[in-house]
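For the numbers below, each heavy atom of this structure counts, side chains included, while hydrogens, waters and symmetry mates do not.
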Amino acid sequence: TPLYASFVVAIVYLALYGFIHTEAIIDVVDAWFASYSGKDAYAIMKESTIGAIGALYAIAFVLLKVGIITYVLYEEQYALFFMVCIFSRLNLIYLLEYFKFSKDSFLSLAFAGSGVFRLKIIALIYILIAFLIGFNALVLFILSLISFYLILKVLNKKFGFVNGDCLGFTLEHTELVLLNIGLAMLL
């Protein structure tokens, strides 16, 4: 049935791409709550164990993410799904230069190179194609940039740093926000 197929695709999407970010979500949530008791947030994120709050949050997040993807695909809103996937990732290219990373980190070295400008041009082509597809692409793109920036800004303020876990957390939450807003705009 179409509903079951949509559910399977949502699970496969999460398994192929989202599980690595789910681990980042757990780390960020654990670090957030551990910081209230004076623990080092960075050390908590790098720890291999997970806390109960992080695990519960991840379960709830996965249920919400699978639910919204299933519904979007069941409603045959494929353009919305692909735009959200693309826009949430393009934010990395356009917004990361506004945040500081340790000078030896991969992200710091990547943004020091000249290849970022070329990536921005290629990303702009994807954005233009999305605008041609339609479906309020400009609204989604602007909401994507705002959501990504605000979530990452809150994490940066809370922890005093931004790392890969923060980026994975931000990307996944931006997708969840955009899927819900995009679906609300359609219905």
Side-chain angles (χ1 to χ4, degrees), residues 2-28 57-99 106-107 110-111 115-116 118-155 162-187:
L3 181 59
Y4 182 72
S6 299
F7 177 73
V8 169
V9 169
I11 295 291
V12 168
Y13 170 75
L14 206 60
L16 292 176
Y17 190 76
F19 282 165
I20 191 166
H21 293 145
T22 305
E23 188 269 333
I25 290 169
I26 293 168
D27 288 343
V28 168
Y57 188 94
I59 291 167
F61 183 86
V62 167
L63 289 172
L64 289 170
K65 186 89 181 261
V66 168
I68 191 65
I69 291 173
T70 299
Y71 192 70
V72 165
L73 295 176
Y74 180 72
E75 291 292 326
E76 299 179 0
Q77 299 301 322
Y78 309 119
L80 169 62
F81 179 69
F82 288 119
M83 275 191 255
V84 166
C85 291
I86 291 170
F87 288 167
S88 64
R89 285 152 185 81
L90 292 181
N91 291 325
L92 294 171
I93 297 168
Y94 286 105
L95 294 175
L96 282 187
E97 63 192 73
Y98 297 105
F99 295 92
F106 167 76
L107 294 168
F111 276 86
V116 173
R118 192 172 348 150
L119 280 175
K120 286 183 179 181
I121 296 299
I122 293 169
L124 183 60
I125 293 169
Y126 283 110
I127 293 167
L128 293 173
I129 290 170
F131 291 152
L132 292 175
I133 292 172
F135 176 76
N136 299 318
L138 180 61
V139 173
L140 270 183
F141 183 64
I142 291 170
L143 288 173
S144 173
L145 289 170
I146 291 169
S147 174
F148 193 93
Y149 180 80
L150 290 176
I151 293 169
L152 206 53
K153 192 75 168 168
V154 167
L155 294 177
V162 171
N163 63 6
D165 287 332
C166 294
L167 295 176
F169 179 94
T170 302
L171 189 147
E172 288 296 325
H173 283 79
T174 298
E175 280 188 1
L176 186 62
V177 167
L178 289 178
L179 286 166
N180 279 284
I181 290 174
L183 195 58
M185 288 183 341
L186 284 170
L187 301 177

- [ ] Work out which heavy atom in Thr22 is nearest to a heavy atom in Ala58; give both atom names and the distance.
- [x] CG2-CB, 4.0 Å

Open item on the list: Restricting to ring-ring contact (aromatic ring centres under 6.0 Å, His included), what partner residues turn up for Phe148, sequence neighbours left out?
Closed with: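 Counting only residues at least two positions away or on another chain, Phe148 forms no ring-ring contact (aromatic ring centres under 6.0 Å, His included).
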
Task: Flag side-chain contact, heavy atom, 4.5 Å: His21 against Phe169 - done: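 No. Closest side-chain heavy atoms not under 4.5 Å.
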
Open item on the list: Taking the side chain as everything from C-beta on, heavy atoms only, tell me whether Phe81 gets closer than 4.5 Å to Ile69.
Closed with: yes

- [ ] List for me each residue that meets salt bridge (Lys or Arg N to Asp or Glu O under 4.0 Å) alongside Asp165, sequence neighbours excluded, and say none if there are none.
- [x]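 Asp165: salt bridge (Lys or Arg N to Asp or Glu O under 4.0 Å) contacts with Lys46.
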
Tell me which donor-acceptor pairs under 3.5 Å the side chains of residues 174-187 have, and how far apart each pair is, sequence neighbours excluded?
| residue | atom | partner | partner atom | Å |
| --- | --- | --- | --- | --- |
| Thr174 | OG1 | Thr170 | O | 2.8 |
| Glu175 | OE1 | Tyr13 | OH | 3.1 |
| Glu175 | OE1 | Lys65 | NZ | 2.5 |
| Glu175 | OE2 | Tyr13 | OH | 3.0 |
| Glu175 | OE2 | Ser88 | OG | 3.0 |
| Glu175 | OE2 | Arg89 | NH1 | 2.3 |
| Glu175 | OE2 | Arg89 | NH2 | 3.1 |
| Asn180 | ND2 | Leu176 | O | 2.8 |

TODO: Would you confirm whether Gln77, through its side chain, and Glu75, through its main-chain N or O, come within 3.5 Å as a donor-acceptor pair?
DONE: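 Checked: pair present.
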
Identify each donor-acceptor pair in which a side-chain atom of residues 139-146 lies under 3.5 Å from a protein atom, sequence neighbours left out, and give them as a table.
| residue | atom | partner | partner atom | Å |
| --- | --- | --- | --- | --- |
| Ser144 | OG | Phe87 | O | 3.4 |
| Ser144 | OG | Asn91 | OD1 | 3.3 |
| Ser144 | OG | Asn91 | ND2 | 2.6 |

Task: By side chain to side chain donor-acceptor pair (under 3.5 Å) - contacts of Tyr149 (at least two apart) - done: none

Please list every donor-acceptor pair under 3.5 Å in which a side-chain atom of residues 5-12 meets a protein atom from a residue at least two apart or in another chain.
| residue | atom | partner | partner atom | Å |
| --- | --- | --- | --- | --- |
| Ser6 | OG | Pro2 | O | 2.8 |
| Ser6 | OG | Tyr74 | N | 3.2 |

Task: Under the side chain to side chain contact (heavy atoms under 4.5 Å, CB included) test, residues paired with Phe82 that sit two or more places apart - done: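 With sequence neighbours excluded, Phe82 shows a side chain to side chain contact (heavy atoms under 4.5 Å, CB included) to Tyr78, given in chain and number order.
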
Task: salt bridge (Lys or Arg N to Asp or Glu O under 4.0 Å) contacts touching residues 137-148 (sequence neighbours left out) - done: none

